[in-house]
K.L.:
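Here's a structure for you.
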Amino acid sequence: MSTVEDAPEVFDGGIAGMRRLRRIDAADAASALLGTIGDNGDQLHVLLRAVAGLAGAPTAVVWRRDDRGRLMLARKWGDDALAADAAHRPVADEADDGGAAATGIPLEIHVREQVQLLTLHARPFAAVALTDGVLALGPLRRPKLGRRDRGRLQHLAGLADGALREALRRAQLEAELQSLQREVELSRRAVGSTIDEERSLQLLIDLAVSTSGCRGGFAAIARGGRFAIAATRNLPPGFASLDVTPGHGILASVAGLPGLLVVEDTGGLQDVGVDGLLAVGGPADSPRPVVIFGLVPEEGGQLPDDCSELLATLIEQALLVRESSDAARATADRHVLALRGLCHALDARSAATDGHHELVARTAGQLARRLGAPEELTRLVIDAAMVHDVGLLAATAEAAMAAEFAHPTLGAEMAALVPGAADLAPLIRAHHEWWDGYGFPAGLTGDAIPLGGRILAAAEFYAEMLQTSHGADPAALTREIRIRRGTQLDPECADTLVALAEEAS
Amino acid sequence: VKIEIRRLQDAQVAVVNGRLDLRSAPELRDQATGALAAGGGSLVLDLADVEFIDSSGLGVLIGLQREAQRLSGRLAIVPPRGSAQQIFALTRTESFFTLVTDQETGRAALAA
């Protein structure tokens, strides 16, 4: 009977891992594997390396079963050339056997036996079934596995299964998060260029600070008559909350000297820990600055010799950034107007719906203001109301009912793709949700429905009532609203709506 | 900052040393405004040894210039010798101020 020590090497080019495995206490191995599931880095990669190490295999590949039961490549470790075929599905399911045909992989490996042979890049590998997938180790020295080797591999797979499942789950979650982040980033880009503008100004101020040898600095940009600090570098935390608009305390412009800024409130700046500030506005020939750059010198520091040129260049660049983001916003506005035009056309198809979107928008605006919503939300609700039924454009006569239920989702998806309208998507999606959870498409309940969506839902209900026979009878209108208070409609929205209706009658 | 007020013949002169920033600006404003009044609205402000001027220091200089005009006098400024003199070019205020090469030229400019 052979001993552990003289057992033949199973893997070609590997270390004597399988022999070592026999001597490792199962609990120790399991905890070593689970210990590789840390919080950082590519856990699946680390884990595969650990599994391959324990087995003594130069290459390890793991496939994960997706929602439809298909095995998809999750990760490979080791010799990339050997694992080159791994992207093919190692196991053909009933719906698709193309993968097996392409790689010569035995069918139903996960059903018939726990350990089988499979071929990757014309080399034999041992494939072991996992709960959520398949683990392949190889290449094998010979295209066959003895009973003892199968047992050892199965033992290893058993130890690794839980840890691999956890790592696979996290890898999947991470991939989903990344895809979500990409979507968010895309929609932010689409919305306009506020983010890009701030990023560009941050780069400029970083450049200004490092080139001038100053301690820190800021860039501020005019928005609606006020200056907002768009980027800072190395400034005390209190600085960002200062109002640097000329004439608002900290800075002042000087009559007769366009572009010039002086510090008015020395104490206010010293209170936040700044002892010196060189502020320059631009463009230099404009009576009112559009951008302001401020540099805070080091203690005892001086201005570099080329400071004038540096600041002039920065202002020029900042103005270009501003110009391009204004252009992007204008483009986004045009896209939103196009959506509104489509909705307008939709309403005009029937006398009963003519002006529907405008009516909902007007009502939603009144509701939002009465409910004390912040101006930004009020604006958002009105903008969403102007296009809330855009998803109905996807309706066909044959599938009218399906479109009715799908239009909030379809509309939200359309808005999400339109530059400048992505912020409207959550409200559009929620405008047929009911307070008690009986709405669609998600069946959300109460506060889980965004406030903007609840306001929109109430405004749409009101508009529909007005545009049908109930509009003629104010008492019937308020009765219908009260009946739906707390079921279809947010109670607070319903009360406000009743007040609105009573005033209008 | 060190500020020394002296007379050069009939002219009032303020000699400034150090940095004109948020810390020193209020002191310069008080002392130079006093010297300006003592000079009947005219003052030679010698900034030759000033190492740094920020936007608060510049604010004081503009305030002094306006005060001199109000008193029907003149303010003559000897700019810093070092890189701090850039502030005038940077802010395009070279022609707004009367910049002179030294105290004597400044005194002559006040008399003119």
Side-chain angles (χ1 to χ4, degrees), chain A residues 212-215 217-218 244 246 250-286 289 292-315, chain B residues 1-3 16-33 45 47-70 74-75 77 79-99:
Chain A
S212 65
C214 281
R215 184 184 108 196
F218 73 89
V244 294
I250 301 293
L251 296 178
S253 42
V254 182
L257 290 172
L260 180 63
L261 293 170
V262 294
V263 171
E264 204 163 46
D265 181 7
T266 51
L269 282 171
Q270 283 182 289
D271 285 348
V272 297
V274 169
D275 285 330
L277 175 68
L278 181 65
V280 185
D285 52 357
S286 156
I292 296 176
F293 273 97
L295 291 175
V296 173
E298 287 284 4
E299 178 87 32
Q302 299 192 359
L303 292 178
D305 287 340
D306 55 357
C307 194
S308 298
E309 289 86 349
L310 173 69
L311 280 165
T313 309
L314 288 175
I315 285 172
Chain B
V1 71
K2 263 172 51 186
I3 305 165
V16 187
N17 260 282
R19 296 170 68 80
L20 288 188
D21 56 16
L22 297 172
R23 270 185 287 202
S24 60
E27 190 188 345
L28 175 70
R29 186 185 56 229
D30 294 347
Q31 293 216 34
T33 307
L45 190 60
L47 306 178
D49 288 328
V50 165
E51 299 153 10
F52 175 76
I53 302 177
D54 77 353
S55 297
S56 61
L58 191 68
V60 172
L61 300 185
I62 285 169
L64 288 172
Q65 168 83 1
R66 294 265 147 97
E67 181 65 3
Q69 282 167 351
R70 195 181 66 81
R74 286 187 90 165
L75 175 75
I77 296 175
R81 273 192 289 263
S83 67
Q85 66 171 283
Q86 278 194 93
I87 188 85
F88 299 110
L90 185 65
T91 56
R92 299 184 177 197
T93 47
E94 293 147 306
S95 54
F96 176 76
F97 294 112
T98 305
L99 300 179

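By convention in this document, chain letters (A, B, ...) are assigned in the order of the sequence lines, proteins followed by strands, and residues within each chain are numbered from 1. Below, all heavy atoms of this structure are taken into account, side chains as well, without hydrogens, waters or symmetry copies.
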K.L.:
Side chains of residues 50-67 of chain B: which donor-acceptor partners sit under 3.5 Å, not counting sequence neighbours?
P.N.:
from: B:Asp54; atom 1: OD1; to: B:Ser56; atom 2: N; distance (Å): 2.8
from: B:Asp54; atom 1: OD1; to: B:Ser56; atom 2: OG; distance (Å): 2.6
from: B:Asp54; atom 1: OD1; to: B:Gly57; atom 2: N; distance (Å): 3.0
from: B:Asp54; atom 1: OD2; to: A:Leu277; atom 2: N; distance (Å): 2.8
from: B:Asp54; atom 1: OD2; to: B:Ser56; atom 2: OG; distance (Å): 3.4
from: B:Ser55; atom 1: OG; to: A:Leu277; atom 2: O; distance (Å): 3.3
from: B:Ser55; atom 1: OG; to: A:Ala279; atom 2: N; distance (Å): 2.7
from: B:Ser56; atom 1: OG; to: B:Asp21; atom 2: O; distance (Å): 3.4
from: B:Ser56; atom 1: OG; to: B:Leu22; atom 2: N; distance (Å): 3.3
from: B:Gln65; atom 1: NE2; to: B:Phe96; atom 2: O; distance (Å): 3.3
from: B:Arg66; atom 1: NH2; to: A:Ala255; atom 2: O; distance (Å): 3.1
from: B:Glu67; atom 1: OE1; to: B:Arg70; atom 2: NE; distance (Å): 3.1
from: B:Glu67; atom 1: OE2; to: B:Arg70; atom 2: NH2; distance (Å): 2.9

K.L.:
Would you sort out whether B:Thr91 and A:Leu257 count as a side-chain contact (heavy atoms from CB on, under 4.5 Å), showing the intermediate values?
P.N.:
CA-CA 9 Å; B:Thr91 56; A:Leu257 290 172; over 6 Å; no
K.L.:
Under 4.5 Å heavy-atom distance to chain A, tell me which part of B:Leu20 shows up: side chain, backbone, both or neither.
P.N.:
neither
K.L.:
Do any pairs count as a side chain to side chain donor-acceptor pair (under 3.5 Å) and have a residue in residues 264-284 of chain A, sequence neighbours left out, and if so which ones?
P.N.:
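Applying side chain to side chain donor-acceptor pair (under 3.5 Å) to every pair that reaches into residues 264-284 of chain A, excluding sequence neighbours, yields nothing.
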K.L.:
Name the region of B:Thr93, side chain, backbone, both or neither, that has any atom closer than 4.5 Å to a heavy atom of chain A.
P.N.:
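Interface part for B:Thr93: side chain.
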K.L.:
How close do B:Arg23 and A:Glu299 get, counting heavy atoms only, and between which atoms?
P.N.:
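Here B:Arg23 and A:Glu299 meet closest at NH2-OE2, 2.9 Å.
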